Amino acid sequence: MLVPFVPTPYEVAREMLRCVKAGKNDVVLDLGAGIGNILKIAKEEFNVKLAVGVEIDRKLCREAYKNNNREFEIICGDMLTLAPILLPKADILVSYLSTRTNELLEPLIIQNGKKGLRIASNDFQYPNLRLVEKRRVTAEGILGPTEHTIYCYEL
Ligand SMILES: C[S@@+](CC[C@H](N)C(=O)[O-])C[C@H]1O[C@@H](n2cnc3c(N)ncnc32)[C@H](O)[C@@H]1O
């Protein structure tokens with residue numbers, strides 16, 4: 001496993017999807033989807049065509065199925081293996097990973113992503129992708145407010 005599970009708060013997910021202008025014609029891919037928080041907002045509030053996540057932890061995959069109301073798809077597997085297969089079909093990539101994982105993923109995105117792929121990353125930058133916009137969001141949690149930075153890119 002490359003990074004532990006920490007869910008993106010719904011208000012941050014909303015801002016990520018606004019930043020990449022998610023809409024009804026888009027296929028949204030979350031690599032390391034956790035329980036599918038971003039995918040749920042993508043489907044319920046942005047009415048995207050398809051929302052698909054890849055998650056390696058089987059327990060989280062099961063929770064994601066429970067969380068999804070048949071709204072999004074979860075593939076239980078390794079993002080580094082599945083990214084080359086799924087990226088060519090995506091219009092939007094969302095991620096909440098780590099600096100190191102983004103460095104590992106970036107060459108796969110460049111090689112396999114469609115031209116014009118929009119990418120929103122919660123808190124961690126991709127070193128060489130073209131940054132279009134950066135947004136700050138404050139989310140309310142049970143332990144108090146947390147600050148997030150959203151990085152939005154285009155291929
Ligand atoms: C920080 S969480 C983000 C979850 C979700 N994207 C969100 O924003 O709510 C990162 C997730 O990546 C998953 N993960 C870590 N390594 C992975 C891998 N090699 N393939 C697929 N998922 C992985 C973890 O299990 C974890 O659920």
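Atoms within each ligand, like the ligands themselves, are counted from 1 in listed order. Because the structure is a prediction, the values reported are computed rather than measured.
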Write out the residue and atom name of the closest protein heavy atom to [atom], then the distance separating them to 0.1 Å.
{"atom": "atom 22 (N) of ligand 1", "value": "I56 N, 3.3 Å"}
{"atom": "atom 8 (O) of ligand 1", "value": "T8 OG1, 2.5 Å"}
{"atom": "atom 19 (N) of ligand 1", "value": "D78 OD1, 3.0 Å"}
{"atom": "atom 20 (N) of ligand 1", "value": "M79 N, 2.9 Å"}
{"atom": "atom 13 (C) of ligand 1", "value": "E55 OE1, 3.3 Å"}
{"atom": "atom 16 (N) of ligand 1", "value": "L2 N, 2.9 Å"}
{"atom": "atom 24 (C) of ligand 1", "value": "V3 O, 3.3 Å"}

Using a 4.0 Å heavy-atom threshold (strictly under), name the region of [X] that reaches ligand 1: side chain, backbone, both or neither.
{"X": "L60", "result": "side chain"}
{"X": "P4", "result": "backbone"}
{"X": "I38", "result": "side chain"}
{"X": "D30", "result": "side chain"}

Quiz item: Measuring from the heavy atoms of G77, does anything fall under 4.0 Å of ligand 1?
Solution: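 In this structure, G77 qualifies as a contact of ligand 1 - some heavy atom is under 4.0 Å.
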Quiz item: Just wondering, do L31 and L105 contact through their side chains at under 4.5 Å, heavy atoms?
Solution: yes
Quiz item: Is there a side-chain contact between L97 and L2 (heavy atoms, below 4.5 Å)?
Solution: no
Salt bridge check: are [X] and [Y] linked by an N-O gap of less than 4.0 Å?
{"X": "R14", "Y": "E11", "answer": "no"}
{"X": "D91", "Y": "K49", "answer": "no"}
{"X": "E15", "Y": "R135", "answer": "yes"}
{"X": "E63", "Y": "K66", "answer": "no"}

Quiz item: Can you tell me if N122 and T8 form a side-chain donor-acceptor pair at under 3.5 Å?
Solution: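 Yes.
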Quiz item: For the ring pair Y151 and Y126, is the centre-to-centre distance below 6.0 Å?
Solution: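 That pair fails the under 6.0 Å test.
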Give the atom numbers and elements of ligand 1 that come within less than 4.0 Å of a heavy atom of [X].
{"X": "G32", "answer": "3 (C), 4 (C), 5 (C), 6 (N), 10 (C), 11 (C), 12 (O), 13 (C), 22 (N)"}
{"X": "V6", "answer": "1 (C), 2 (S), 3 (C), 4 (C)"}
{"X": "P7", "answer": "9 (O)"}

Quiz item: Would you find a donor on one side and an acceptor on the other, under 3.5 Å apart, between the side chain of Q125 and the backbone of P127?
Solution: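 The answer is no, because no donor-acceptor pair under 3.5 Å joins these two groups.
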Quiz item: CG/L60 to OH/Y65 distance, rounded to the nearest 0.5 angstrom?
Solution: 12.5 Å
